[in-house]
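What follows is one structure encoded as structure tokens, with my remarks underneath.
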Protein chains: 2
Amino acid sequence: MRFITRDTDYALRAMVLMARALRQEGRKVFTVEEIVLEEKLPKVFLRRILQKLAEKNMLLSYKGKSGGFSFLVKPARISIANVIRVFQGEIELTNCLLKGKICPNRPECKIRKKIKALNSRVVKDLENINIEELSE
Amino acid sequence: MRFITRDTDYALRAMVLMARALRQEGRKVFTVEEIVLEEKLPKVFLRRILQKLAEKNMLLSYKGKSGGFSFLVKPARISIANVIRVFQGEIELTNCLLKGKICPNRPECKIRKKIKALNSRVVKDLENINIEELSE
DNA sequence: CTTATTGATACTATATTAGTATCATTTAGA
DNA sequence: TCTAAATGATACTAATATAGTATCAATAAG
Ligand code: FES
Ligand code: FES
């Protein structure tokens with residue numbers, strides 16, 4: 001069962017790397033090249049991933065020579081849930097097991113409620129792990 | 001994010017249908033054809049799904065004319081987790097976010113522990129919803 | 001025997017995920 | 001001003017997983 005896709009995964013790794021270097025050496029800006037060399041990730045793919053994180057205002061990008069990416073939001077405030085949402089959309093294990101005629105899709109459906117409760121616990125847990133923590 | 005695949009989904013629907021007819025009319029054996037007619041599912045695909053459930057000893061199959069499928073295990077004892085496992089393998093949201101050098105894959109890793117705890121809660125919840133309940 | 005069923009397996013189609021190629025744009029600095 | 005090193009954008013390709021079809025064999029009721 002694939003819950004975390006490769007782009008989410010790579011995004012986490014890249015940011016964890018950045019967070020650690022920031023904390024330990026005060027390094028702020030990283031080029032895709034630097035991250036790729038350390039982590040052995042596919043370069044253009046990672047670039048697109050970082051671009052997306054910048055687009056979503058987690059990272060800040062600097063174009064041109066001596067450009068790169070830095071955090072726009074503190075690593076401690078970027079949760080796994082945030083990152084998953086960027087690449088995989090809303091976290092919904094499933095909001096309804098039996099659509100259609102078997103289980104009329106009514107708000108009062110018990111099963112639905114159970115699943116939703118389960119889902120919000122999962123989301124909450126994923127909100128509670130952040131990049132800073134991952135980098136420690 | 002796809003958590004439940006179509007085979008799991010169809011398996012649930014088929015069994016819910018069977019469970020309801022069992023409870024309400026005492027019907028025990030169902031052919032693929034009958035289920036397909038009621039639920040509008042792809043026939044050969046569903047057949048393979050039911051075969052698999054039989055193989056895994058949830059259903060019992062009867063070959064030959066007037067054959068079909070019945071429950072081998074009571075619907076109340078078949079959980080969603082059971083069904084997911086049949087078609088999608090072990091339920092593991094992810095047991096490790098950062099394999100490789102960033103986060104050495106050690107048993108004492110905190111993140112890993114957190115994720116595992118989260119995972120077992122999810123599994124536990126999915127163990128607690130069963131076909132009988134779904135059919136009510 | 002015939003026919004309605006499941007068993008098994010190979011095949012095809014579709015969708016998603018993963019990754020590459022390429023060119024445009026920006027900017028620091030020689 | 002020019003060059004080189006970076007990101008921005010986008011189209012393409014490859015690999016994989018999911019969904020579904022086609023077919024024939026085996027079984028058993030009547
Ligand atoms: S499970 Fe979807 S409405 Fe009940
Ligand atoms: S997250 Fe995998 S060992 Fe820490």
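Naming convention: chains lettered A, B, ... in sequence-line order (proteins, then strands); numbering from 1 in each chain. From a predicted model like this one, the values you see are computed outputs, not experimental measurements.
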**Study point:** Enclosure of A:Arg77 CZ (heavy-atom neighbours >12, cutoff 6.0 Å)
**Key:**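 Result for CZ/A:Arg77: open.
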
Whole angstrom is fine here: how far is it from [atom1] in [X] over to [atom2] in [N]?
X	N	atom1	atom2	result
A:Asp7	C:dT20	CG	P	14 Å
B:Phe3	D:dT18	CZ	C1'	17 Å
A:Leu53	D:dT7	CG	P	13 Å
B:Leu50	C:dG7	CG	C1'	13 Å
A:Leu46	C:dT20	CG	P	12 Å
A:Lys43	C:dA21	NZ	C1'	13 Å
B:Phe45	C:dT6	CZ	P	17 Å
B:Leu60	C:dT6	CG	P	13 Å

Check your understanding: Does B:Arg6 make a side-chain donor-acceptor contact with the base of D:dG20, cut-off 3.5 Å?
Key -> no

Review point. Any donor-acceptor pair under 3.5 Å between the side chain of B:Arg48 and the base of C:dG7?
Key: no

**Study point:** 5′-ward residue of the pair A:Gln51/B:Pro42 relative to DNA chain D
**Key:** A:Gln51

Point to revise | A:Glu133 side chain near B:Lys114 side chain, heavy-atom distance below 4.5 Å | key: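 A:Glu133 vs B:Lys114: side chains touch.
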
Check your understanding: Side-chain contact, heavy-atom cut-off 4.5 Å: B:Leu93 with B:Phe3?
Key ->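 Heavy-atom side-chain distance check passes, below 4.5 Å.
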
Less than 4.0 angstrom between a side-chain N/O of [X] and OP1 or OP2 of [N], yes or no?
X	N	answer
A:Ser66	C:dT27	no
B:Ser61	C:dG7	yes
B:Tyr10	D:dG20	yes

Practice item. Tell me what B:Phe87 touches on the nucleic acid: a base, only sugar-phosphate, or nothing, going by heavy atoms under 4.0 Å. Key: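 Touches nothing.
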
So, are [X] and [Y] salt-bridged, with charged N and O less than 4.0 Å apart?
X	Y	result
A:Glu127	A:Arg85	yes
A:Lys52	A:Asp7	no
A:Arg23	A:Glu136	no

Report all interatomic pairs (protein N or O, nucleotide N or O of nucleotides 23-27 of chain D) with separations under 3.5 Å.
from, atom 1, to, atom 2, distance (Å)
D:dT27, O2, B:Gly64, N, 3.3

Study note, to complete from the structure: Comparing nearest nucleotides in DNA chain C, the 5'-proximal residue of the pair A:Tyr62, B:Gly67 is B:Gly67

Practice item. Apply the test salt bridge (Lys or Arg N to Asp or Glu O under 4.0 Å) to residues A:Arg13 and A:Asp9: give CA-CA distance (whole Å), side-chain angles for both, the deciding distance (0.1 Å), then the verdict. Key: CA-CA 6 Å; A:Arg13 294 184 198 212; A:Asp9 181 309; 2.5 Å; yes

